[in-house]
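Structure record follows, encoded as C-alpha cells.
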Amino acid sequence: MKIYTMENSLIVNAPISEVWEFFSNPNNLAILTPPKFKLQFIQEPPSLMFTGQRISYSLSPFPGFRTRWEGEIKEVAKLKRFIDEQQKGPFAYWRHEHLFFHNEEGTEVRDHLQYALPLGAIGKAFHPFVKGKMTEMFTYRNDKVKKIFS
C-alpha cells in the first residue's frame with residue numbers, strides 16, 4: 001500500500017486559544033469544507049472534541065458520487081495538536097495530524113496528512129485527481145480561516 005503525504009501551513013492572526021477553540025469544535029468541519037462537497041453530519045457531534053470521539057458524515061467530492069466517512073479522534077493535546085483517523089470511508093488509510101504553534105504573528109496551523117488509496121493500481125491512477133481535490137479543500141479551508149479571524 002502506497003502512503004502519500006500532504007503538508008499544509010497557515011498563519012492566523014489570532015491567539016492560539018481562539019484558533020484552537022475553533023478547530024477543536026467538530027461542528028466547524030462543515031464551515032471549513034467547500035459547499036460544493038455537500039458535507040452532512042450523520043449525527044451532529046458534540047462541540048467539544050475528545051480522544052475516542054467518532055464523527056460520521058457524508059460528502060460528495062464530485063457530482064454523482066456520495067460517500068460516507070467515519071473518523072475517530074485518536075489524540076488530543078490541548079492547544080498543541082489533535083489527530084484524526086478514518087475508520088470507515090473512501091480511503092484505504094487516512095491519518096491527519098493538526099498542529100498549533102504560537103508565533104509573532106499569532107498562530108501557525110500545520111497539517112500533516114498521510115493517506116492511501118484503495119484498489120491498488122486503479123487507485124494509484126486516480127491519485128492526481130484525489131490530490132487535486134484535497135489541495136482544493138486545503139485552499140478553501142485556509143481562505144475561510146483567514147476570513148473568520150480577520
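From a predicted model like this one, the values you see are computed outputs, not experimental measurements.
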* **Closest approach of P26 to I55 (non-hydrogen atoms, all atoms of both residues)** => CB-CD1, 3.6 Å
* Asked: In terms of hydrophobic clusters joined by side-chain contacts under 4.5 Å, are L119 and F126 together?
  -> yes
* To do: Taking all heavy atoms of S9 and all of N142, pick out the closest pair and write down the distance.
  => O-ND2, 4.3 Å
* To do: Would you give the length of the straight line joining atom CZ of R81 to atom CZ of R110, rounded to the nearest 0.5 angstrom?
  => 12.5 Å
* Asked: Passes side-chain contact (heavy atoms from CB on, under 4.5 Å), R68 versus K88? Steps please.
  -> CA-CA 8 Å; R68 187 173 171 155; K88 296 178 186 172; over 6 Å; no
* Within-4.5 Å side-chain heavy-atom neighbours: I31 and F22 -> yes
* Check: E136 and K133 side chains under 4.5 Å, non-hydrogen atoms -> yes
* Side-chain donor/acceptor of N8 to backbone N/O of D111, under 3.5 Å -> no
* To do: Check whether any side-chain N or O of K2 sits under 3.5 Å from a backbone N or O of K124 as a donor-acceptor pair, and report yes or no.
  => no
* Asked: Atom NZ of K74 and atom CZ of R95: how far apart are they, to the nearest 0.5 Å?
  -> 10.0 Å
* Side-chain heavy-atom pair V109, V145 within 4.5 angstrom cut-off -> no
* Can you get from F138 to V12 by hopping between Ile, Leu, Val, Met, Phe, Trp and Tyr side chains that sit under 4.5 Å apart? -> yes
* Does A14 offer a backbone N or O that forms a donor-acceptor pair with the side chain of T107 under 3.5 Å? -> yes
* **M137 side chain reached by T33 side chain, heavy atoms, under 4.5 Å** => yes
* Do you know which two heavy atoms are closest between E72 and G52, and how far apart they sit? -> OE2-CA, 3.7 Å
* Please confirm whether the backbone N or O of K38 pairs with a side-chain atom of R66, one donor and one acceptor, at under 3.5 Å? => yes
* Electrostatic pair E70:R54 at N-O distance under 4.0 angstrom -> yes
* Please state whether the rings of F62 and F65 are parallel, tilted or perpendicular, taking 30° and 60° as the class boundaries. => parallel
* Would a hydrophobic clustering, with Ile, Leu, Val, Met, Phe, Trp and Tyr connected at side-chain separations under 4.5 Å, put L29 with Y140? -> no
* **Over 12 non-hydrogen atoms of neighbours within 6.0 angstrom of NZ in K80** => no
* Can you hop from Y93 to I83 via hydrophobic side chains spaced under 4.5 Å? -> no
* Looking only at non-hydrogen atoms, find the nearest pair between P45 and F41 and report the distance. => CD-CD2, 3.7 Å
* To do: Kindly give the heavy-atom pair with the smallest separation between I73 and F50, and that separation in Å.
  => CB-O, 3.4 Å
* Under a 4.5 Å side-chain heavy-atom rule over Ile, Leu, Val, Met, Phe, Trp and Tyr, are M49 and L39 clustered together? -> yes
* **Pairwise side-chain contact, F100 with K78, heavy-atom cut-off 4.5 Å (strictly under)** => no
* **Polar side-chain atom of Q86 near backbone of F91 as donor-acceptor pair, under 3.5 Å** => yes
* Asked: For E21, does the CD atom have more than 12 heavy-atom neighbours from other residues, nucleotides or ligands under 6.0 Å away?
  -> no
* Considering all heavy atoms, the nearest I16-L79 contact -> CD1-O, 3.3 Å
* Separation between NZ of K146 and CD1 of I11, rounded to the nearest 0.5 Å -> 9.5 Å
* Euclidean distance, Q114 CD relative to E85 CD, rounded to 0.5 Å -> 9.0 Å
* Asked: Looking at side-chain heavy atoms only, is the closest gap between E7 and H112 below 4.5 Å?
  -> yes
* Which is it for M6 and T135 under the side-chain contact (heavy atoms from CB on, under 4.5 Å) test, yes or no, and what are the steps along the way? -> CA-CA 9 Å; M6 284 188 82; T135 299; 3.3 Å; yes
* To do: Indicate whether the side chain of S56 and that of Q43 have a donor and an acceptor atom separated by less than 3.5 Å.
  => no
* **is_close_aromatic(H127, Y4), centroid dist under 6.0 Å** => yes
* Should the heavy atoms of other residues, nucleotides or ligands under 6.0 Å from CZ of F129 be counted, would the total exceed 12? -> yes
* To do: Evaluate the side-chain proximity of W69 to S58: yes if any heavy-atom separation is below 4.5 Å, no if none is.
  => no
* **Reported CG-to-CH2 distance for the pair L113 and W94, which is rounded to 0.5 angstrom** => 4.5 Å
* Quick one: pull up CG in N25 and CH2 in W20 and give me the separation to the nearest 0.5 Å. => 11.5 Å
